[in-house]
Amino acid sequence: MSYHFNEIEAKWQKYWAENQTFKAANPGEEGAEKPKYYVLDMFPYPSGAGLHVGHPLGYIASDIYARYKRHKGFNVMHPQGYDSFGLPAEQYAIQTGQHPAVTTAENIKTYRRQLDKIGFSFDWSREVRTSDPSYYKWTQWIFIQLFNSWYNKDTDKAEDISSLIAIFEKEGNINVNAEADDDVEQFSAEQWNAFSDEKQQKILLQYRLTFLSETEVNWCPALGTVLANDEIVNGVSERGGHPVERKKMKQWSMRISAYAQRLLDGLDKLDWPQPLKDSQTNWIGRSEGAMVSFAVIDGGNLPKINVFTTRPDTIFGVSFMTLAPEHELVSKITTEAQKEEVEAYVKATAKRSELDRMADVKTISGAFTGAYAEHPFTKEPIPIWIGDYVLAGYGTGAVMSVPCGDQRDYNFAKHFNIPIPNIFEGVDISKEAFTDKENTVITNSDFLNGLSYKKAMKTVIYEMEKRGFGYKKVNYRMRDAVFSRQRYWGEPFPVYYVDGLPQMIDEKYLPIKLPEVEKYLPTEDGKPPLGNAEVWAWCTETNQVVSNDKINNTTVFPLELNTMPGWAGSSQYFNRYMDPNNANEIFSQEAINYWQDVDLYIGGSEHATGHLLYSRFWQKFMFDKGLVPQDEFAKKLINQGMILGTSAFVYRVEWFYTRSVWGENNPEKVKKLPRKSELPDIYVSKSIFENIGRFYANYQNSDNSFLRQIDKKISELEKEYKIFESEGIGTISRSNNLAISPIHVDVSLVNSSDELDVKAFKKARIEYKNSKLLLEDGKYIVGREVEKMSKSKYNVVNPDAICEQYGADSLRLYEMFLGPLEQSKPWNTAGITGVHGFLKKLWKLYHTGKDGAFLVSENEPAAESFKTLHKTIKKVEEDIENFSFNTSVSTFMIAVNELTSQKCTSRAVLEPLIILISPYAPHIAEELWSKLGYNESISSAPFPKFEEKYLVESTKTYPISFNGKMRFTMELSLDLSKDEIEAAVMAHEKTKAQLAGRTPKKVIIVPGKIVNIVG
RNA sequence: GCUCGAGUGGUGGAAUUGGUAGACACGCUGGACUUAAAAUCCAGUGGACAGUAAUGUCCGUAUGGGUUCAAGUCCCAUCUCGAGUACCA
């Protein structure tokens, strides 16, 4: 009986689904007494294109691990669901008018069908979809929790807003140490109590962990929405590559900056890839320094200019100050004389997009405001400039410029002829700034003279704090995260507005469901798409969403028109999986205390600064609120590499026609210039292309035989299609220049030897139908190149087709066999025959009976078979623990090759062997397991135990090296002492031949390893 | 520019603490079976040189140095590729 993988795989997939084989037990259910293990894949967005073979790589790895852990006796949770809100569905809706919910549901169906075919051990009873109201109810709920919280720096955690109000009522905000907006005014208890309700609400907004504020945002006009920093790559939108500009808008933000230090510290205890941790560290961007205030001379009651600097030790080197053009003081301090210049400059920089600004970092620009600040120590006047090299978004948007110690300040000073005082001893600053901190001795700096960087830092901060114009400060690059999107297909906010102030809808009325709209575009007056909704107002009497025409601003109020960003739904989904159908709570405490956190998280590295940072932030918030027991949600994380496509190219010959007539005033009679599309194309095989190159001039006179052939083919076509026989004036001739263009061709038309299936090729597209092919050795050889897998490159390989042709087990094995999980690697379908052949051999190993009948014997296996089995157990177990799945596939191959040649049929070997293989190739394993006489699924069979005794050897084949080079091997007993080994080796005739009479200087013997003879 | 990662046959890759470089597979070559093809099975396959052959010699893990009895592995310098980041004061 041969290996019918299609039947076997369908049978077991059905069995698993019907028996809920992979349903994880929650507390109180049977199975929950086992230790828990939580394996999670990163939330997929169900795109319309479906899966290609690159997508399941991580899922296969996590599935192997999950199945392995079940064999090891764990209660394994391996859930899957969909991050189903998102831009592509909405863009598609805008184009076609189809409701995103409809297309999303279709896409999910496709995804599910594809995933099912690969035989994953997902617990589908836990599936969640972020766009499902029963799910986003809890996303809205978390938003409300954040709104009702503030960050207390004294306790270093988030607390309920009521505790803040209590402090305000008792002592105002003088002693409050909170993470809040920079511009909070100070007030006493009396003042607070006297404030209007509106004023109190506005003040509280400055403290809440999610808050509404006028902020500078990244506005993407093409997408009609704002974007978070992590959604912008190289100055353009991550999705679609559209330009982004800066704009001030009233937006919801998340006070993630409150957690900056904890997000940084938490990285230490995470078993995550170092590059990922590095990029989070980078993103958070902690720097230590000082905050220093500079008073504006004759500024009246203008606020002081605060600057953040990491080099307060260089304060005596300040020769000017620079403000970002957007800085709020710019308009207030600019003198009448400088007004025109400054305004022009501010206008010009506002127009420049992020991309422009980044593209020319070299151009130095700025303007003098005419105002001066007072140096806090020397009391000297310092000119205040503005310049776009100072970013509004970092620090305070202003810098004290020390041209001798900072290259940017130096360049600016040089450009505008500002003096560059030198405060470094014995350093030449005529060419560039001196930025070295370690070898610095300060001079020309009053009380800092003669001090090193470290000492000067301490001294100057002490002095500044004493005199009251500066203090030590830690600054973070990370900004608060913008949380509003001007999109339709996202979570609606549970928010309505009373007199322009946001009000939360009570939890018990959630979810606030996404309203229907006629158009998914922004409204004509520029409101977000929800502005098109007709039923989108909140009635505080009935607590329902009601028609907009009922808005009276006394009982019925307008609802928020923005929606939440993509990361909202994915920032707590891992916890929701623990209790996904709970309608009363986001999850029960019982469930979260059992499951705790994710033990293994697998996904792509592209989420480093988005999803993974936001999720950690929400987790810490949930931890502060006592809702989760762990303040990090995933102990171990692995980034799987990308699978690249191996594109195939055919080489199309391009030729051209010219016409001899010019200046003709009767265009109708002019002969029509033939177009190449009138003729079939000519394609040349790879080596012909390599011989000729991309361009060839004067080819008709060349004696290159390939060019002669091409010339002949073209002539034949011209005759056949009567190219020169059309009527008209003038002569048409063929140009003597030739070009050859590599064109992507579908990889499915190419075999493992890079030969094009010519018949299939001609059928594949109409334009190929009559094409002429110039072959080499009777074959058409295509070119190959490794590129990203994408539809436009015709190199996409669909897993369905692979499952159809080779089976899911082959696909799973092959994806693992390609190479280390973390590495990027090219896909080449040809290689799959190797693992497919292995599965056939494996099947055969259990079917050695008459006519291929199933056969296992109860005989005691040979010692060497036990040895094969146990070294396989050892290696595979180590490999899985180290996530080295590629090497275990090789190990299986070696084991099956050995057992086959040993003619092993013993149950005592074949039974444990199939358990070892089952995490990798579960379908064939289940089938063989049932043939071995079991009625239960193999999935919970205990993993075989490794026993050292089967591997004990009595001899070792020693490599005998001379001066480190292996010359021959010798089998020696492992019982021998060093001296005995040396005697045996020296007595060997080959040793004598190698030495040729010389006496060795030294003989190195490492028993059980190697012998090296030096001399 | 900065930070991190990686360079091993024709290809994907293996070599766990320095100890037989190229496991396992693809591809290729030759053979068996077949009218033929596919499938399957067997043998060979890093390069160069010598020999009818068994075999032997030399070279070989991006490049150049170094440490060591011994280096793909450790150290220094250089080159190339990839990823992230980008006026962060």
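All chains are named by letter (A, B, ...) in the order of the sequence lines, taking the proteins before the strands, and each is independently numbered beginning at 1.
- For B:U85, the paired nucleotide is B:G1, the pair qualifying as Watson-Crick or G-U wobble because both relevant distances are below 3.5 Å.
- Remark: aromatic rings of A:Y814 and A:H836 are distant, center separation not under 6.0 Å.
- Using the Watson-Crick or G-U wobble rule with both distances under 3.5 Å, B:C33 pairs with nothing in any strand shown.
- What separates CD1 of A:I1005 from C1' of B:U20 is a distance of 16 Å, to the nearest Å.
- Looking at the side chain of A:K825, the nearest of the listed nucleotides B:G12, B:U40, B:G19 is B:G12.
- Under the 30°/60° scheme for interplanar angles, the aromatic rings of A:W385 and A:F412 are found to stand perpendicular.
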- request: Evaluate ring-ring contact (aromatic ring centres under 6.0 Å, His included) for A:F885 paired with A:F817, printing each intermediate quantity in order.
  value: CA-CA 7 Å; A:F885 301 112; A:F817 188 65; over 10 Å; no

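- Summary of the strand contacts: A:N1012 and A:F308 both lie near RNA chain B, and taking for each the nucleotide with the nearest heavy atom, the more 5' one is attributed to A:N1012.
- Nearest nucleotide to the A:N897 side chain, out of B:U20, B:C24, B:A15: B:C24.
- The phosphate of B:C69 (OP1 or OP2) has no side-chain N or O of A:K1001 nearer than 4.0 angstrom.
- Closest contact between the side chain of A:T833 and the listed nucleotides B:C69, B:U20, B:C26 involves B:C26.
- When the P atom is compared between B:A36 and B:C26, the two are found 25 Å apart, to the nearest whole Å.
- Using atom P as the reference point in both B:U73 and B:G66, the two lie 14 Å apart (nearest Å).
- Between A:Y3 and A:H847, the distance separating the two ring centers is not shorter than 6.0 angstrom.
- Nearest to the side-chain atoms of A:W283 among the listed nucleotides B:A86, B:A15, B:C69 stands B:A86.
- If you take CG of A:N639 and P of B:A6, they are 14 Å apart, rounded to a whole angstrom.
- For A:R408, whose side chain is taken as the heavy atoms from C-beta onward, the closest listed nucleotide among B:C4, B:C87, B:C26 is B:C87.
- Distance A:Q805 CD to B:A38 C1': 13 Å, rounded to the nearest Å.
- Figure legend. B:U63 is base-paired to B:A77; pairs are counted as Watson-Crick or G-U wobble with both atom distances under 3.5 Å.
- Remark on RNA chain B: of its neighbouring residues A:G285 and A:H836, the 5'-side contact belongs to A:H836, judged by nearest-heavy-atom nucleotide.
- Taking 4.0 angstrom as the limit, A:S401 places none of its side-chain polar atoms (N or O) nearer than this to OP1 or OP2 of B:A89.
- Atom C1' of B:A32 sits at a distance of 14 Å from the matching atom of B:A39, rounded to the whole Å.
- B:A38 makes up no base pair with any nucleotide shown, lacking Watson-Crick or G-U wobble contacts both under 3.5 Å.
- On the P atoms, B:U40 is 28 Å away from B:G22, given to the nearest whole Å.
- With P as the reference atom, B:A62 and B:U11 are 14 Å apart, rounded to whole Å.
- Side-chain atoms of A:R967 lie closest to B:C58 of the nucleotides B:A14, B:G19, B:C58.
- Within the 4.5 Å cutoff, side-chain heavy atoms of A:Y453 are placed close to those of A:R311.
- Searching all strands for a Watson-Crick or G-U wobble partner of B:A53 with both distances below 3.5 Å returns nothing.
- Nucleotide B:U16 has no partner under the Watson-Crick or G-U criteria, as no pair reaches both atom distances under 3.5 Å.
- Taking only side-chain atoms of A:K875, from C-beta outward, the nucleotide of B:U16, B:G12, B:A39 with the closest atom is B:U16.
- In the set B:A25, B:U40, B:U85, B:U85 carries the atom at the smallest distance from any side-chain atom of A:R477.
- Of the candidates B:U17, B:A25, B:C59, B:C59 carries the atom nearest the A:K965 side chain, counting heavy atoms from C-beta on.
- For B:G46, the O4'-C1' to base torsion is more than 90° from 0; the nucleotide is therefore anti.
- Under the Watson-Crick or G-U wobble criterion, with both distances below 3.5 Å, B:A25 is paired with B:U11.
- Distance check on atom P: B:A53 versus B:U16 gives 37 Å, rounded to whole Å.
- Of the candidates B:A14, B:A89, B:C4, B:A14 carries the atom nearest the A:T887 side chain, counting heavy atoms from C-beta on.
- Remark: A:R479 CZ to A:S257 OG distance equals 7.0 Å, nearest 0.5 Å.
- When the C1' atom is compared between B:A14 and B:U68, the two are found 25 Å apart, to the nearest whole Å.
- Taking atom C1' in both B:A6 and B:G12, the straight-line distance is 16 Å, to the nearest Å.
- Salt bridge A:K875/A:E877: absent, no basic N to carboxylate O contact under 4.0 Å.
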